[in-house]
Amino acid sequence: PSLTLELDSHTADAGVDTRVEAFLDVVSRYRDMETSAKGKLKLGSRPFETAEVVRISNKVYVVTPDREKYPIDHPKVKILVPSMGEVGAKMLAATLSYVGANTVALPPPGEKELNYGRKYTSCKECLPLLLTFGSLVRYIEEEWNGEDILVNFMPEASGPCRFGQYNVMMRELVGQKGLKNVAMLSLTAENSYAGFGVKFALRAWQSIVISDVLDDMYSAILALAKDPESAIEVFKKVADNLIEAIRTKPWPELRRRIVAASKRLGAIPRKAELEDIPSIALTGEIYVRRDEFSRRYLVDRLSQKGFWVRIAPVGEWIHYCDYIVQNKLVAKSNFFDRVKNRLTCMVKNPYEFEIKSILAQSGLYKMSESHVEELVEAASEVISPRLTGETVLTVGAALSELVEEVDGVIALGPFGCMPARISDALVTQNLKDTKLKVSKEKELVKRVMEEHPALPFLTIETDGNAFPQLIESRLEAFLLQVERVHQTTKKSKDLIS
């Protein structure tokens, strides 16, 4: 029995009382049924169980309801990697293959996956949950042989976002469907990255940085190439070559492939340079901003109109996770964790700098390191850093990067997303305030804000359907404003220099 009450100032007390009384009557009948059913249960019966990922003696196993144990890299175990951008999903799957796992990169979701997700949920959940669960169900019903043990990769997090409950709800939904050989997996430092260790962690970091940069280069190619169609074919071949290297090659060979990729992409004939076109930062909730279907192919649309769209990188979120550990903003942050985290950053950060430096030589990417401290400092003017989550990053990016880094910011979030709505309210208000400290300290921003008191910032909520006409109209107005800010910024830079 379950009762959900949604209340506002117009709710009538009589209606609520009636629903509560009806619910109590259902509970009473349910208890009577439960009591009578207990007498009919056979001795030794137990509730339905699903497979679980467990850690035994520093090794990770999948334990089935029949109590059979399989190592996570057993040939019968398949790890499903949901799409969060086609290139990124394939690279993560290749990373798992690099350390011996059997992986399947699920294709980007679409209408079918959305309908599957809506079928098994209340439809009030976040869009990312609907799509990721829908992708899992589609694979099970259309491709699974029924014998392999499936391990669905689903990250988890704490904080004021429903994302932390995805794992819980997916396990419930899997149980409701009676899928006993399907388990959930989250790769974290606490579980030693599912037993794959340091080798996996380093290769995963390299993959994340490469996929982040390639996403930005994809937009630049669409916006700048003289022949976008043939240029995208080159891009796909380069991406496939790098995915294969991630799966099979050590770092020196992977680095050589990155150098070759930069040269090959840099040779694409262009009609302009990056500095000549307006740029837009796409930030917000990490899944919907990176999934093509969730964002309704917004990057392709804007790029084809001549805008360079820079998607907030996944690496930025990982740097932010490091930041909250180092600054004791999470309960688990003890001295040992901070020392371990600091050493990890010392190892992985040079890879980020090297990869980005190489790919920036193509002319299709501007070198941009993730300075989370600056984003948090900018956001701290209006929101406490102790409210951890994507709200801080979205607010910080809008307040610190507008004008100097990009000409406009789009914050994308699932429909009804609390962090997205908080960031929208805070940024919209503070971008209208010409006395904002972070802006007045910068000469370029000061000059631009004299002509454009309200800088281009747009929040879009997505539910998987086409954007309504109101959003399309706001988007057109936003793009016009971005073009004007871009021209003003170019003039201001010339005057300052």
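Both backbone and side-chain heavy atoms feed into the values below; hydrogens, waters and symmetry mates do not.
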Q: Check for a donor-acceptor pair, side chain of Glu390 on one end and backbone N or O of Ile286 on the other, with a separation under 3.5 Å.
A: yes
Q: Applying ring-ring contact (aromatic ring centres under 6.0 Å, His included), name anything that partners Trp144, two or more places apart in sequence or on another chain.
A: none
Q: May I ask you to say whether Arg484 pairs ionically with Glu451, meaning some side-chain N is under 4.0 Å from a carboxylate O?
A: no
Q: Considering all heavy atoms of both residues, which atom of Ser97 and which atom of Arg247 are nearest to each other, and what is their separation?
A: CB-CG, 3.7 Å
Q: Heavy-atom count check: over 12 atoms from other residues, nucleotides or ligands less than 6.0 Å from Glu354 CD?
A: yes
Q: Do NZ/NE/NH1/NH2 and the carboxylate oxygens of Glu285 and Arg295 come within less than 4.0 Å?
A: no
Q: Within 45 degrees of the axis of the six-membered ring of Tyr218 and under 6.0 Å from its centre: does Arg310 put its NZ or CZ there?
A: no
Q: Using only atom types and a distance under 3.5 Å, with no angle test, would you say the side chain of Ser262 pairs donor to acceptor with the backbone of Ile358?
A: yes
Q: Measure the shortest side-chain to side-chain distance between Pro128 and Pro414 over non-hydrogen atoms and say whether it is less than 4.5 angstrom.
A: yes
Q: Would you mind writing out the side-chain donor-acceptor pairs for residues 224-237 within the sub-3.5 Å range, not counting sequence neighbours?
A:
from	atom 1	to	atom 2	distance (Å)
Asp227	OD2	Ser230	OG	2.9
Ser230	OG	Asp227	O	3.1

Q: Using the rule given for side chain to side chain donor-acceptor pair (under 3.5 Å), can you reason through Thr95 versus Ser207, listing the C-alpha separation, both sets of side-chain angles and the distance that settles it, and then say yes or no?
A: CA-CA 7 Å; Thr95 300; Ser207 302; 2.7 Å; yes
Q: Do the charged groups of Glu143 and Arg138 touch, with an N to O distance under 4.0 Å?
A: yes
Q: Does any non-hydrogen side-chain atom of Phe153 lie less than 4.5 Å from one of Pro82?
A: yes
Q: Here's a test for you: under side-chain contact (heavy atoms from CB on, under 4.5 Å), which of Asp215, Leu282, Asp300, Leu222 qualifies with Val309?
A: Leu282
Q: How close do Tyr320 and Val376 get, counting heavy atoms only, and between which atoms?
A: CE1-CG2, 4.2 Å
Q: Does NZ or CZ of Arg118 lie under 6.0 Å from the centre of the six-membered ring of Tyr120, at an angle within 45° of the ring axis?
A: no
Q: Can you confirm whether Glu461 sits close enough to Arg421 that some side-chain heavy atom of one is under 4.5 Å from a side-chain heavy atom of the other?
A: yes
Q: Ala183 and Val53: which non-hydrogen atoms are nearest, and at how many Å?
A: CB-CG2, 4.0 Å
Q: Considering non-hydrogen atoms only, spot the tightest contact between Asn465 and Asp463 and give its length.
A: N-OD1, 3.0 Å
Q: In Å, rounded to the nearest 0.5 Å, how long is the span from CG of Leu399 to CG of Asn430?
A: 6.0 Å
Q: Atom CG of Asn152 and atom CD1 of Ile140: how far apart are they, to the nearest 0.5 Å?
A: 8.0 Å
Q: Please lay out, stage by stage, how Ser219 and Ser303 fare under the test side chain to side chain donor-acceptor pair (under 3.5 Å).
A: CA-CA 6 Å; Ser219 174; Ser303 301; 2.7 Å; yes
Q: When you measure from the side chain of Asn115 to the backbone of Glu111, do you find a donor-acceptor pair of N or O atoms at a distance under 3.5 Å?
A: yes
Q: So does Ala425 get a backbone contact from the side chain of Thr428, meaning a donor-acceptor N/O pair under 3.5 Å?
A: no
Q: Any ion pair linking Lys112 and Glu142 (charged N to carboxylate O, less than 4.0 Å)?
A: yes
Q: How many angstroms lie between atom CD1 of Ile210 and atom CD of Glu352, to the nearest 0.5 angstrom?
A: 12.0 Å
Q: Any ion pair linking Lys271 and Asp276 (charged N to carboxylate O, less than 4.0 Å)?
A: no
Q: Looking at Asn241 and Glu244, would you say the former's side chain and the latter's main chain have a donor-acceptor pair under 3.5 Å?
A: no
Q: Measuring from atom CD of Glu86 to atom CD1 of Ile243, what distance do you get when rounded to the nearest 0.5 angstrom?
A: 8.0 Å
Q: Work out which heavy atom in Ala105 is nearest to a heavy atom in Ala93; give both atom names and the distance.
A: CB-CB, 3.8 Å
Q: Step through the shown structure and confirm whether more than 12 heavy atoms of other residues, nucleotides or ligands are within 6.0 Å of OH on Tyr297.
A: yes
Q: Tyr323: what forms a ring-ring contact (aromatic ring centres under 6.0 Å, His included) with it, not counting sequence neighbours?
A: none
Q: Checking Gln429 side chain against Val427 main chain: does a donor-acceptor pair fall under 3.5 Å?
A: no
Q: Taking the side chain as every heavy atom from C-beta outward, state whether Leu214 and Leu242 have any atom pair closer than 4.5 Å.
A: yes
Q: Could you tell me if the side chain of Ile280 sits less than 4.5 Å from the side chain of Asp407, heavy atoms only?
A: no
Q: Between Arg270 and Glu273, does at least one N-O distance fall below 4.0 Å, as a salt bridge requires?
A: yes
Q: Is it possible for you to check whether Arg203 lies under 6.0 Å from the centre of the six-membered ring of Tyr98, through NZ or CZ, and within 45° of that ring's axis?
A: yes
Q: Do Met367 and Leu359 have side chains that get closer than 4.5 Å, going by heavy atoms?
A: no
Q: What is the distance from atom OG1 of Thr4 to atom CZ of Phe23, rounded to the nearest 0.5 Å?
A: 9.0 Å
Q: Answer yes or no: is there an ion pair linking Glu172 with Lys177, defined by an N-O contact shorter than 4.0 Å?
A: no
Q: Could you list the residues that satisfy ring-ring contact (aromatic ring centres under 6.0 Å, His included) with Tyr351, not counting sequence neighbours?
A: Trp251
Q: NZ of Lys78: more than 12 outside heavy atoms within 6.0 angstrom?
A: no
Q: Using the salt bridge (Lys or Arg N to Asp or Glu O under 4.0 Å) rule, take Glu6 and Lys124 through it: C-alpha gap first, then chi angles, then the decisive distance, then the call.
A: CA-CA 12 Å; Glu6 297 183 354; Lys124 296 180 181 180; 2.5 Å; yes
Q: Over all heavy atoms of both residues, which pair between Met184 and Val151 is shortest? Give the atoms and the distance, please.
A: C-CG1, 4.5 Å
Q: Can you tell me if Thr462 and Ser294 form a side-chain donor-acceptor pair at under 3.5 Å?
A: no
Q: Excluding sequence neighbours, so at least two apart, what forms side chain to side chain contact (heavy atoms under 4.5 Å, CB included) with Ser492?
A: Leu444, Arg447, Val448, Thr488
Q: Do the non-hydrogen side-chain atoms of Glu113 and Leu136 ever get within less than 4.5 Å of each other?
A: no
Q: Under a 4.0 Å threshold between the charged nitrogen and the carboxylate oxygen, would Glu405 count as salt-bridged to Lys366?
A: no
Q: Give, for atom CG of Leu302 and atom OG of Ser279, the distance between the pair rounded to the nearest 0.5 Å.
A: 12.0 Å
Q: Looking at residues at least two apart in the chain, or sitting in another chain, which of them share a ring-ring contact (aromatic ring centres under 6.0 Å, His included) with His319?
A: Trp205
Q: Could you give me the CA-CA distance, side-chain angles and deciding distance for Ser423 and Thr391, then say whether side chain to side chain donor-acceptor pair (under 3.5 Å) is met?
A: CA-CA 5 Å; Ser423 61; Thr391 303; 5.6 Å; no
Q: Please tell me if the side chains of Leu475 and Leu298 come closer than 4.5 Å, counting only heavy atoms from C-beta onward.
A: yes
Q: Between Arg290 and Asp212, is there a donor-acceptor pair closer than 3.5 Å when you use the side chain of the first and the backbone of the second?
A: no
Q: Please say whether more than 12 non-hydrogen atoms of neighbouring residues, nucleotides or ligands are located less than 6.0 Å from CZ in Arg474.
A: no
Q: So, Arg19 side chain and Leu5 main chain: donor-acceptor pair closer than 3.5 Å or not?
A: no
